Amino acid sequence: MKTASDRTVAEKLDAADPLAPLRAEFHLPLGPDGSPRVYFCGHSLGLAPKRAAAIVTEELEAWAREGVAGHFTGPRPWVAYHEQLTQGFAELAGAQPIEVVAMNSLTVNLHLLLAGFYRPTRARHKILIEARAFPSDRYAVASQIRHHGFDPAEGLVEIAPRAGEDVLRTEDICEHIERHGAEIAVVLLPGVQYLSGQLLDMQAITACAHRQGCLVGFDLAHAIGNVPLNLHDWDVDFAAWCGYKYLNGGPGAIGGCFVHERHAHADLPRFAGWWGHDKATRFDMPQAFSPLPGAEGWQISNPPILSAAPLLASLELFEAAGMAALRRKSLDLTAYLVALLREHVYEAVSILTPDEADARGCQLSLRLNRAPHEARAIHDALTDRGMVCDWREPDVIRVAPVPLYNTFTEVWDFVAALKALL
Ligand SMILES: *Cc1c(COP(=O)(O)O)cnc(C)c1O
């Protein structure tokens, strides 16, 4: 990579990439000149797998052909449709199959999990989040605290990066937990922080929170399908994610959650519905709720088949590639992006994302060293030139080269376009 400035180097890296053929499995949005855009926005909405349309059509046809009988007939009966996502989710989450389920969407799942895991007492009623939490997570947590009769102004505690820093330090998180843990019921943090791209040390955080008797949940919106996870071994209590970012399940796709095996038979005060009830007697319509063991027992409603089908197409691609190989390519792609930025636009761009490979996923968060309105204009000009990244207030450009469908040449083209604009 010492001649990283040469585009032929990028072309050689692409030619040597064993995962390169996967790109052809996706629809690539086209730019104004009819060629594919450089799509670095998989952190927001993953691209459409080409097979998604066919797999959705199969279910539309089953509905047309079978009507209600489709619940029990055909190659993928709807009653058990979500179970087809279980193995793929378990692999991506580093979980046992009993620990994961596809259901609802992310914020809804956070609420449902908190309904069971957040059991505040006067002495221990706080929830620890990060100061720059995604707003939806903050709203969810504040409303849970209020729902239990406590005041979020006191019950919602935030951990922030040090003054002048952009990312959290594990030592600061653990020190806070050691000092205040006796008052904290739940620690709820991101796996990968959406704004900075920082990958948190979930194992270390879980261990120090458990030592203080806190339960630990992670929001994996930006982590699942991006970085390898080992939720079971890390002893995480619960986690939730959405299906439309790195998982490419399509807008509003079904999400997922994880409940550690340790809680598989726990009698937590969760919100119940018939889909969480024992499969063997669900259709006997019994009066008493008898939950399925594990994560499936947290389901409420029958799953949305049409928003689960595209995810099935995408998980097949993850399985074909393997998360370990995807991560290897991802580390190379992002390191290449860092190298080119350092070489070409060093003075003009700060990288907020940690430099250590084990503290980031594929995303880099960039801050242009100029007035926010000028930075914003440069972001917009990148869009006009066929680059798709995104702008997050107040001044961050998020750029995510995704190993399933992005190339080294695209990374090169992105930096060339940025350099020209600067
Ligand atoms: C994307 C994202 C969400 C979105 O929530 P939905 O309930 O799926 O609309 C929530 N939290 C985080 C951290 C996210 O990145």
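Atoms within a ligand are numbered from 1 in the order they appear, just like the ligands themselves. Here the structure is a predicted model, which is why all the values come from computation and not from measurement.
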Side chains of residues 213-230: which donor-acceptor partners sit under 3.5 Å, not counting sequence neighbours?
| from | atom 1 | to | atom 2 | distance (Å) |
| --- | --- | --- | --- | --- |
| D219 | OD1 | A221 | N | 2.9 |
| N226 | OD1 | C362 | N | 3.0 |
| N226 | ND2 | H222 | O | 2.9 |

Is it the case that the ring center of F258 lies less than 6.0 angstrom away from the ring center of W298? no
Given H222, H43, K245, Q193, identify the one with the heavy atom nearest to atom 14 (C) of ligand 1. K245
Mind checking whether D137 contacts ligand 1 via backbone (N, CA, C, O), side chain (CB onward), both or neither, at a 4.0 Å heavy-atom cut-off? side chain
I need the contact type for D219 against ligand 1. Using non-hydrogen atoms and a strict under-4.0 Å cut-off, is it side chain, backbone, both or neither? side chain
Can the ring centroids of Y118 and F150 be said to lie less than 6.0 angstrom from one another? no
Any idea which protein heavy atom is nearest atom 5 (O) of ligand 1, and the distance to it? T107 OG1, 3.2 Å
Going by heavy atoms in the side chains, are E158 and R138 under 4.5 Å from each other? yes
The closest protein heavy-atom partner of atom 8 (O) of ligand 1 is Y244 OH, 2.6 Å
Taking the six-membered ring for Trp, are the ring centroids of W241 and Y246 within less than 6.0 Å of each other? no
